[in-house]
Each structure stands twice: as C-alpha cells, then as structure tokens.
Amino acid sequence: MLLRMSTLFLRTLREDPADAEVPSHKLLVRAGYVRRVAPGIYSWLPLGKIVLENITRVVREEMNRIGAQEVLFPALLPRDYYEATGRWTEYGDTLFRLKDRKGADYLLGPTHEEMFTDMVKGEYSSYKDYPVTLYQIQTKYRDEARPRAGILRGREFVMKDSYSFDLDDDGLKHSYETHREAYIRIFDRLGIDYRIVFAMSGAMGGSASEEFLAPCATGEDTFVACHNCGYAANAEAVVTPAPPAVTTGHPALEVLDTPDTPTIESLVNYVNEHHGLRITAADTLKNVVVKVRTPGSDKAETLIIGVPGDREVDFKRLEAAVSPGVPEIFEAEDFVRHPGLVRGYIGPQVLKSLGIRYLVDPRVVDGSAWVTGANEPGKHAAHVVAGRDFEADGTIEAADVRAGDSCPRCGHPLSIDRGIEIGHIFQLGRKYADAAGLDALGPDGKPIRITMGSYGVGVSRAVAVLAEQRHDELGLVWPREVAPADVHIVGTGKENQIDVATQLAEELESRGLRVLVDDRAGVSPGVKFKDSELLGLPTVLIVGRGLAQGVVELRDRVTGTKEEIPLAEALDRVLAACQA
RNA sequence: CGGGGCGUGGCGCAGCUUGGUAGCGCGCUUGCUUUGGGAGCAAGAAGCCGCAGGUUCAAAUCCUGUCGCCCCGACCA
C-alpha cells in the first residue's frame, strides 16, 4: 500500500515537546510516530505502528525458526493464578489491580510465568510431550513507580515472552542456548548495537542468566566490560576478585584517639598526622548498617556490611545480593534500639557478641589488617586483622564497581558503561513448576519435575532504543528492516514534479518496495526536506528542479550522500539502493 | 516514597513581582504571490489561564486547599 503524505495521518512538530528529555522521546513525538496519553502510556500513529509491526515481525520469525509456538494470553487475569505463587502480594504496587462488578479481584498481567506453567500443565502429562517452548507477543502492564523517557520505560509496553519446558537440566541448557542464538539473530537483524552481559538471576531463582544491553548514554543499567578477555557483566552481577590471604604477622590491635573524624577522609588525615600511620582510604574498613526485610513480612534483620573505606555501598548491588530480601536504610531510631552500635565508630570486633550478622567485601580476606571503628565515640582501632580480631559471617558483593577495577576473569582493568535492557534470558529452574506441581509422567511411571527457562524481548522498547542509537541532529535514521518504508520520494511541487514522483512511487511499489511519497501540493521544498530527514527513511529520492533537465536526486539518509542521476535510471538505482 | 520544577488555544512559550482589555511564535482556515532548505502579505477560527474555595467593585495574577504532569534517586522488558 503506497503511503501518501497528502493523506497520511501525520503532523510533524517543529519544536521538541516540553515533557521530553531523551532523544528517542523527542524525535518519536516530533516525527509523529507516537503520542502520549498518560504517564508511561502512548498511542502509536500510523508510521510508529508500522515500525512496531516490523520489529514484531522479526521477533516472530526468529522465534518460529527455533520451533517456539506462538500463543496469546489475556492481559486481564483473575487473581487466583498469581495467588498460588504468592506474587499477588509480592508484586506490590507495581501490579495493576482491578475489580469486576461482583467485586472479584483481577490484575493486568505484568508477566505470565504462572499462565504458561498452568497452560502446559493442563495440556501435557507425558515425558513424550517434552520439550516444548511457547511464546507470546503481548501488551504488559506494570504500574512503575516512575515511568520515564517516553517509550523507553512505560507502564504499558509490548513484550515478547517465551518459556521453555524441559525434562532435565541438559534440556534446559539446550533451550537456553537456542534462545540465545535466536536473540542474537533478532538484534542483529534489527540493527541494534548490543552487548551480552552476565546478569543476576536474583529473586527468580535459577542459575544462568544473561542480559542483552544496548549501550546508550540514557541507559538505566550499568555494566562492565573487559576488553582483554571479553568478560561483560551487569554491575549488579560483577564478582570481585579476592586478593590472596595474607599470612604475615601484624602488630597487636591498638585503639587510637581520633576526635572529630566523622568521615573516612578526616580519619585518614588524622591518623597519618597524629599516630604516625601511612594509610589511604582503601586501608580503612567502613561498616555500613542496613536492615533486610523479608518480603511479605514485617521482620527485618540487622546486617552490617564491611567495605574498604574508599568505596560506597551500591544499593542496587546490595539489593541484588540480599534478594529476595529487601534492604532498607538503618534509621536513627534503629540505632536507639541497638545501644551496642556506636554510630560513626562501628568496628567488627564486637559484632559476634552483639549477635549481629557481619558480611564483608571479598577484599577483606583473612589476615588483612584495617583501620576501623573502636566502638567508642571518638576512637578508632588500627591493626584490626580479619580472622584474628574479628570473624566475618561471609562475603557480600555490595561495594560499588568502578572503571579500572580488575576483571574477575583475567585481571585487566574493566571499563564501565550504561545500557538499556532489551532482552533477558534465563534458566528459571523448577520454581514455577514446583509451585504448580508441573510434572511429566516418565517412562518408568514416576513423575519428572519439569524445569523451565524464561526469555523476554522488549518489543516496543526496541523502537525507542533504535531511535536512541540511530539518529542525528536532523532526525531519525531507521535501519531498513524496521523503517516505515524503504524509500521516501519527494516531489518538490513545481509543474509536473509531484506527478512524476507519484508515478515513480507507484512503479517502485509494484516492484515490491515499500514507498512513502510526498505528494503534498503547496508545501515548500524546505519543509519537505526537513520532514524527510525527521522521518528517517533510509533512501530518499528527490524529484525537483533537476526534472526539467531529466535528472533526479538520490540520497542516502545514513551516509548523507547525495547524487544526481538521470530520470531514466531512477527506478533501477532506487531498487539497487534498497536491496543492497 | 524523598528532592527539584511546571500547569495559560493543537504544540512551544510570555503575562503573575505591582489585580482591571488574555498575548507571542509554530500549526490550522481563506485569498493573492511564492516553490531546492521549516516562504511573504492580508483576513480569520480556536483559550471554563489544571480544579475548588476564599479575599476584592474586579483574580491568569493575591491567599488556602486539592489534583495532575515532568525531571533526579530506590524497581524493571
């Protein structure tokens, strides 16, 4: 179907919308691809809808290629399915809840593990039925605390979610690998720049988990990469290499007067000046108190985390490390309830007797000596040796990660970047199968508990990611596979220019290209050029002033090249450009 | 939920300090001119100034309350 600007439901905007901050949001709104309806909720206009469908098509083709079968669940779901796994309560405020006319509880599906598990349980019962992989491309609902950046993080979004069901761990590994390859093909075809990074399997349980991150300044995730060995991981999942244990003797623990040293920096300066030490912040041991609450209960455990003084506790990493527990700030009133903890002067020496759990950064190995709190106001202790003067209850990955930190695999310095999560694959294991009692009857007549994998692609988010990664100061620059059309033919308006442009458009359409033609009368050339750059189709053909001399202009939106070509060659040249 | 900003024709904004006629740019309509880089002239249409209450002869403007939105931090495709 030929797209004609004269009738296309489209109005481009000359100015950025006031509520947009990131490039993808500004451009998708300005170019008339999407319009905001409510926070985190957007409508798709004709051109945007075409792009979204193109991405959907690629995802569907690649899922079908690995033998996954498409199904479709309702977005509107009754409460009971999510009651069984406890997620009706666990999901908290992020769940959109509603009631029907009888007062029964419903929800708008944020994700569909329960539904898929239940569906398979309802249909399959023999080991001969497995393995099986099902997927859907569907609208999800999450009442995000703070939707942001337009399409990038909405409360309603399109997601492809798939689930593999296998009889054993080897089968799961195979399903996982198959998905991984499918995702590589999907994102390659879409023209998205991405990295595959290790991720936390976290709350969902299970073992292996990787994320597909699109590197991007506006990304919400932080990841590290090693340019020597190729290791890459979400900052949450980075493993800190532990230095070898120290065995050399240390002087005995010594308590020092350190008045007015509330910060690490002031402490370092003070002990170097007044106590003859030569230490840096990295030689001090900072002890951070938090509470860890178990979801669905009011009980909170007090936990102290020891990290080198030059590092902060990264709340995101801490959260991932204590998951499914939820870390909370230790407030002033909590200190009142724990008189043994001297705020600002906490040292690990007394924690055993206080019965408080103490976890340390992996850098705090046995035999390492530290300057830390002496559990008395105004006093610190030096030569506090791990394993001699205190015992930790274990290690924890909670200290912040920085560019230049050592790669856990090869020791080279790590780089650090931001990215947008566009895909996530992981080996779920048996959590949902356990909850649902999903078994297959084995050849020996005994039940086999099914093991699952779960895999997601942010389909609508991919539109925004492409806009984010592929644009210039003039507008969008779509990869051909997802562009709303292959070629944008612009008739600039004098005499028969529009007629010729339309004829070319019809001819190219009949030869299989997807064509947008600017056939608007009475619109100045400048406006048409600006619009074509803003809309971002990969190939542009200008039928303008050169027509009288029998030439038209062929432009490449990606490279910016412009070339005058004879009208007679226009069809072949455009076809060649679009099929390259 | 904590912090910051903002609600005025479809879009982007001014006006508010110091109450009195609602204004500018873009877009839209009509006519004439123009047509290779967001054209010109002329004439138009379109606004419960977020909502509610209060002060006042008079409120976009002052007061109180309330709702909403955007941005920054803790969640996630």
Side-chain angles (χ1 to χ4, degrees), chain A residues 11-22 25-26 29-30 32 35-36 38-40 59 90-95 110-112 137-162 183 199-200 202-204 211-214 219-221 234 236 314-320 323 326-329 420-426 454-465 474-475 490-495 497-498 520-534 542-547 552-553 555 562 564:
Chain A
R11 186 111 303 153
T12 58
L13 304 178
R14 195 179 287 211
E15 289 164 298
D16 286 334
D19 58 0
E21 200 74 13
V22 301
H25 189 193
K26 290 178 182 173
V29 171
R30 273 192 59 205
R35 290 288 181 259
R36 196 191 79 104
V59 172
E90 254 178 47
Y91 235 96
D93 292 336
T94 306
L95 201 60
T111 176
H112 282 71
I137 296 171
Q138 195 224 30
T139 306
K140 305 290 188 197
Y141 297 87
R142 295 185 194 169
D143 194 359
E144 296 284 350
R146 193 162 77 78
R148 58 175 289 270
I151 300 296
L152 225 34
R153 170 179 212 71
R155 296 196 290 172
E156 178 185 286
F157 57 96
V158 179
M159 178 165 132
K160 186 285 298 178
D161 53 327
S162 47
Y183 277 30
M200 292 296 290
M204 311 289 282
E211 286 172 344
F212 288 69
L213 294 185
E220 297 180 275
D221 284 273
N234 192 303
E236 291 169 15
D314 179 331
F315 223 75
K316 261 189 161 174
R317 297 197 74 209
L318 172 61
E319 195 146 38
S323 178
V326 180
E328 290 174 356
I329 304 285
I420 300 166
E421 186 177 358
I422 48 172
H424 196 161
I425 52 178
F426 79 87
S454 152
Y455 319 87
V457 170
V459 174
S460 49
R461 176 178 281 183
V463 176
V465 165
L474 297 171
V490 176
T492 55
K494 251 186 173 176
E495 290 145 14
Q497 289 164 352
I498 287 176
R520 292 175 294 177
V523 175
S524 74
V527 170
K528 293 190 175 189
F529 296 152
K530 288 289 181 197
D531 276 346
S532 99
E533 282 144 2
L534 184 58
I542 311 286
V543 181
R545 64 182 171 199
L547 189 61
V552 292
E553 184 181 318
R555 294 184 181 182
K562 304 177 181 180
E564 301 255 294

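Since the structure is predicted, the reported quantities are computational estimates derived from the model, not experimental observations. Protein chains get the first letters and strands the later ones, always in sequence-line order, with residue 1 at the start of each.
- Going from the C1' atom of B:G12 to that of B:G7 covers 14 Å, rounded to whole Å.
- If you check B:C70, B:C71, B:G37 against the side chain of A:Arg148, the one that comes closest is B:C71.
- Side-chain proximity of A:Asp19 to the nucleotides B:C70, B:C11, B:A77 is greatest for B:C70.
- No donor-acceptor contact under 3.5 Å links the side chain of A:Glu533 to the base of B:G38.
- Between A:Gly458 and A:Gly544, the one whose closest nucleotide on RNA chain B sits nearer the 5' end is A:Gly544.
- Shown are A:Arg30, A:Glu21, A:His25; of these, the side chain to side chain contact (heavy atoms under 4.5 Å, CB included) with A:Asp16 is made only by A:Arg30.
- Following rounding to the nearest Å, A:Glu15 (CD) and B:C26 (P) show an atom-to-atom distance of 10 Å.
- Within the model, atoms NE2 of A:His424 and CE of A:Met159 stand 10.5 Å from one another, a figure rounded to the nearest 0.5 Å.
- B:C72 and B:U64 have their P atoms separated by 30 Å, with the value rounded to a whole Å.
- Among the protein residues, A:Ile420 comes within range of no part of the nucleic acid, since none of its heavy atoms lies under 4.0 Å from any strand.
- As a whole-Å value, the separation of A:Lys26 NZ from B:C71 P is 11 Å.
- Nucleic acid contact for A:Glu144: base, since at least one base atom lies under 4.0 Å from a heavy atom of the residue.
- Side-chain N or O atoms of A:Arg142 include one that pairs as donor or acceptor with a backbone N or O of A:Pro110 at under 3.5 Å.
- An OP1 or OP2 oxygen of B:A77 is reached within less than 4.0 angstrom by no side-chain nitrogen or oxygen of A:Arg153.
- Checked against side chain to side chain contact (heavy atoms under 4.5 Å, CB included), A:Thr492 has the following partners two or more places apart in sequence or in another chain: A:Val490, A:Gln497, A:Pro525, A:Phe529, A:Ile542.
- When the C1' atom is used for both B:U34 and B:G40, the distance is 7 Å, rounded to whole Å.
- Atoms CG (A:Asp16) and C1' (B:C13) sit 14 Å apart, rounded to a whole Å.
- Atom CZ of A:Arg155 is separated from atom OH of A:Tyr141 by 11.5 Å, given to the nearest 0.5 angstrom.
- In terms of phosphate contacts, A:Ser524 brings a side-chain nitrogen or oxygen within less than 4.0 Å of OP1 or OP2 of B:A39.
- Straight-line distance between the P atoms of B:C48 and B:U61: roughly 16 Å, to the nearest whole Å.
- A:Thr94 comes within 4.0 angstrom of nothing in the nucleic acid, heavy atoms only.
- Between the CZ atom of A:Arg36 and the P atom of B:G10 there is a distance of 15 Å, rounded to whole Å.
- To the nearest 0.5 Å, atoms CG (A:Leu474) and NZ (A:Lys530) are separated by 6.0 Å.
- Residue A:Arg142 contributes atom CZ, which lies 8 Å from atom P of B:C76 at whole-angstrom precision.
- Among B:C76, B:A77, B:G38, the nucleotide with an atom closest to any side-chain atom of A:Thr12 is B:G38.
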Dot-bracket, RNA chain B: Watson-Crick or G-U, under 3.5 angstrom, [ ] crossing, | other strand? (((((((..((((......[..)))).((((((.....)))))).....(((((..]....))))))))))))....
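- The side chain of A:Arg14 places an N or O atom within less than 4.0 Å of a non-bridging phosphate oxygen (OP1 or OP2) of B:G27.
- One atom, CD of A:Glu21, and another, P of B:C69, lie 17 Å apart when rounded to the nearest Å.
- Here B:G38 presents its P atom at 14 Å from CZ of A:Arg30, a figure rounded to the nearest Å.
- Put simply, OG1 on A:Thr111 and NZ on A:Lys140 are 5.5 Å apart, with the number rounded to the nearest 0.5 Å.
- The gap from the C1' atom of B:G47 to that of B:U8 amounts to 8 Å, rounded to the nearest Å.
- Heavy atoms of A:Val523 sit under 4.0 angstrom from at least one base atom.
- Within 4.0 Å of A:Ala149, counting heavy atoms only, lie sugar-phosphate atoms of the nucleic acid but no base atom.
- Taking atom C1' on both B:G9 and B:U56, the two are 29 Å apart, rounded to the nearest angstrom.
- Remark: the backbone N or O of A:Val29 is paired with a side-chain donor or acceptor of A:Arg35 at under 3.5 angstrom.
- A gap of 8 Å separates the C1' atoms of B:A45 and B:C28, to the nearest Å.
- Residue whose closest nucleotide on RNA chain B sits further toward the 5' end, between A:Arg555 and A:Ala20: A:Arg555.
- Atom CZ of residue A:Phe212 and atom CD1 of residue A:Ile425 lie 4.5 Å apart, to the nearest 0.5 angstrom.
- Between the side chain of A:Arg11 and the base of B:C11, no donor-acceptor pair of N or O atoms lies under 3.5 Å.
- Looking at heavy-atom distances under 4.0 Å, A:Gly491 makes no contact with the nucleic acid at all.
- Residue A:Val527 has its side chain nearest to B:G38 when only B:G38, B:A77, B:C69 are considered.
- If you take CG on A:Leu213 and CD on A:Glu211, they are separated by 5.0 Å, rounding to the nearest 0.5 Å.
- Across B:C72, B:C13, B:G37, the shortest atom-to-atom separation from the side chain of A:Ala18 is found for B:C13.
- Between A:Arg35 atom CZ and B:C11 atom C1' there is a gap of 9 Å when expressed in whole angstrom units.
- A stacking contact links A:Phe157 to B:A77: the aromatic ring centre lies within less than 5.5 Å of the base's six-membered ring centre, and the planes differ by less than 30°.
- With C1' as the reference atom, B:G50 and B:C70 are 15 Å apart, rounded to whole Å.
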